[in-house]
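Take a look at the structure below.
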Amino acid sequence: MKVTEDKNRRKKSNIVKAERRRGVLLRLFRIVEVGYTEDLVSRTYDILGVAAILVNLLVSILLTFDGISVRYGGLLEAVETVTVIFFAADYVLRLITSRFLYPEASKERALFRYVFSFTGVVDLLSFLPYFLPIFFPEGAIAFRMFRIIRIFRLFRINAYYDSLNVITSVIVSKKQQLLSSVFIILVLMLGSSLCMYSIEHSVQPDVFENAFSGMWWAVSTLLTVGYGDIYPVTAAGRAFGIAIAFLGVGMVAIPTGIISAGFVEQYQKISEMSEEAEESDLQFIRVMLAPGDFYVGRTVRQMRFPRGIEVGAVERNGRLLLPDPALVLMENDIVLIGAESFTDRWNVNLLRLELRNLHPWIGEYVRDLDISRQSLIVAIRRDGKKLVPDGDTRLQSGDVLFLYSRKKITDTTKIPL
C-alpha cells in the first residue's frame, strides 16, 4: 500500500515538474514571438529585436564609408558583435521553443520544420557567417559576403504590423496570377532580344554581340528604364523598339494591376468579416483552487462543465496561462471560468436584497410574501451558506435574497448581468 502511494506521489511530482518545464518554455515562446501589447516583457523583446536588426544594418552601411570606418571602426564593430550575439541567442531560443510554433507536430518534427524554414535559414545565416572566420580564416571574404543575408531579417518586422501582413497575404493569394504574368514577360523579353539581335547584329556587332546583349536591351526597354547604352540604329530596329516599348507599358503593368486588385479584395474581405462577425460578450468569474479541491491535480480536459461554459485562463504565481487541455491544475491556481452573458429577452432583473432589522419580510414564510408572480426567490445566503428556498422557508434577519424579477422591488440592489 505504501509502495503504491509512493509511486503515485512520484508520478504526480513528475507530472508537476514536467508541467512547470512546459510552462517555462511556453513563456519563453510567447516572449520570443510577437507579443500582445499588454505583455510588457514580450513587447520589450520585440522592440529589442527590431532595434537590433536596424542597428546591425546601419552599422553595415556605415562601415562601407572609409572615413567613418577608420575613425569609428572599433566602436561600430563592437556594436555589430553585440547585435550578432543577440541574433544567435534569439536563434537558440527559437530552437528550444519550436515545438510551440508547430503544435500539431512532434518535438523533433517541429525542430526540423523550423531549422529548414525560410525564417529559420535566415535566422541562422544572420549570425553564423560572423563566427565562421574564427574557425576558417581562409574563407573570411566569402563568409563576409553571406552577412548580407541579415537584411532578410527585416521581414521579421512584417510580423509586427498588420498593414505589412496585408502585403504578404495579397502576394500569397495572387501568386498564381503573378507567376503567369512574369512568365509572359520573360517570354516577351526572350523573343524580343533574339529578334533585335537578328536585326542589329550585322550593323552593330560590338553592341549586339550576342543574345545576352539583346536581353539587356529588352529588359531596359520593356521596364521603361532606357539606360541608353544599347539602342537600335537601323530603321527596322527602331520600329521594332517602338513596338516593344508599347508592349512593355502594358505587360509590366499587369503585375501592378493584379496586386492592386488583391489589395481591394483583401480589404473588402476584412470589412465583410468585421461586419458579419457576431460579437458575444463573455462574463468571467475567478475561482481559487484550495488544497483538497476536486480539480487539484486534474487537467483542464478533465474539468466537466455544462455546454457554453469554458475555462478562459489559469492564473498561477502571477502568470497567466492559456487553458491547454493537458494543463495540470495545482493548488492556489486561480481559474477564470467564462460563459456567455445573459440576454435579457424577458426584461428580467437579477436582484440582491439583504433583510436587515425591522424589514417586513423577517419572520415570514416565502409562500406568504407579498411579491408579484413575476418575481422569484432563487437563492438565500444565510450564515455563509446558500439555501434553495421553498414555500416553507422562513426568512430571518441577515438573510441575503437573490431574486429574478420583472417588477421594481424596494430596498434591492440590481446585479449587473
Side-chain angles (χ1 to χ4, degrees), residues 25-36 39 41-66 68-69 72-103 105 107-169 171-172 175:
L25 290 176
L26 183 59
R27 178 58 180 158
L28 278 176
F29 172 74
R30 289 173 183 161
I31 292 175
V32 172
E33 289 300 308
V34 180
Y36 298 101
D39 191 341
V41 177
S42 182
R43 294 303 292 174
T44 302
Y45 186 88
D46 296 341
I47 294 171
L48 287 176
V50 174
I53 296 171
L54 297 178
V55 169
N56 185 274
L57 292 175
L58 178 62
V59 168
S60 299
I61 294 171
L62 292 177
L63 286 174
T64 61
F65 293 87
D66 294 335
I68 296 177
S69 179
Y72 302 103
L75 176 61
L76 293 176
E77 289 178 359
V79 173
E80 183 183 27
T81 302
V82 172
T83 57
V84 170
I85 291 175
F86 178 86
F87 295 156
D90 179 78
Y91 182 74
V92 173
L93 290 176
R94 293 181 186 278
L95 287 177
I96 295 173
T97 60
S98 59
R99 56 188 289 194
F100 300 103
L101 186 62
Y102 305 101
K107 185 177 179 181
E108 294 76 15
R109 180 65 178 170
L111 182 63
F112 178 84
R113 289 180 62 179
Y114 168 70
V115 170
F116 292 97
S117 65
F118 174 76
T119 55
V121 172
V122 170
D123 290 344
L124 177 63
L125 294 180
S126 63
F127 71 89
L128 188 60
Y130 184 85
F131 298 107
L132 285 178
I134 299 175
F135 306 99
F136 307 100
E138 63 279 2
I141 297 177
F143 295 144
R144 184 173 294 274
M145 292 177 60
F146 279 103
R147 295 185 185 182
I148 195 63
I149 295 177
R150 292 178 197 164
I151 197 170
F152 288 107
R153 285 189 69 96
L154 284 173
F155 285 108
R156 285 209 173 275
I157 301 177
N158 185 47
Y160 299 99
Y161 301 99
D162 293 336
S163 56
L164 295 179
N165 286 327
V166 171
I167 298 175
T168 304
S169 301
I171 294 175
V172 171
K175 61 181 179 181

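Given the structure is predicted, the values throughout are model-derived calculations rather than measurements. Any value given below was found using the heavy atoms of this structure, including those in side chains, with hydrogens, waters and symmetry copies removed.
- Between Val41 and Arg27 the shortest side-chain heavy-atom distance falls below 4.5 Å.
- Checking Leu62, Leu63, Ile85, Leu58 one by one against Glu80, the side-chain contact (heavy atoms from CB on, under 4.5 Å) holds for a single residue, Leu63.
- The local environment of OH in Tyr102 is crowded, with over 12 non-hydrogen atoms from other residues, nucleotides or ligands closer than 6.0 Å.
- Expressed to the nearest 0.5 Å, how far CZ of Phe100 lies from NZ of Lys107 amounts to 9.0 Å.
- Contact detail for Ala110 and Ser98: the closest heavy-atom pair is CB-O, 3.6 Å.
- In this structure the side chain of Asn56 never reaches within 4.5 angstrom of the side chain of Phe86, judged on heavy atoms.
- Between atom CG of residue Leu124 and atom OH of residue Tyr114 there is a gap of 8.5 Å, rounded to the nearest 0.5 Å.
- Within the 4.5 Å cutoff, the side chain of Tyr91 has no heavy atoms near those of the Val122 side chain.
- In this structure, OG1 on Thr119 lies 7.0 Å from CG on Leu101, to the nearest 0.5 angstrom.
- Between Leu93 and Tyr45 there is a side-chain heavy-atom pair separated by less than 4.5 Å.
- Side chains of Ile68 and Leu76 form a contact here, defined as non-hydrogen atoms less than 4.5 Å apart.
- In this structure, the separation between CZ on Arg99 and CD on Glu108 is 10.0 Å, given to the nearest 0.5 Å.
- Under the 4.5 Å side-chain criterion, counting only non-hydrogen atoms from C-beta, Asp90 is not in contact with Phe127.
- Here the closest non-hydrogen pair linking Ser42 and Ile31 is OG-O, 3.6 Å.
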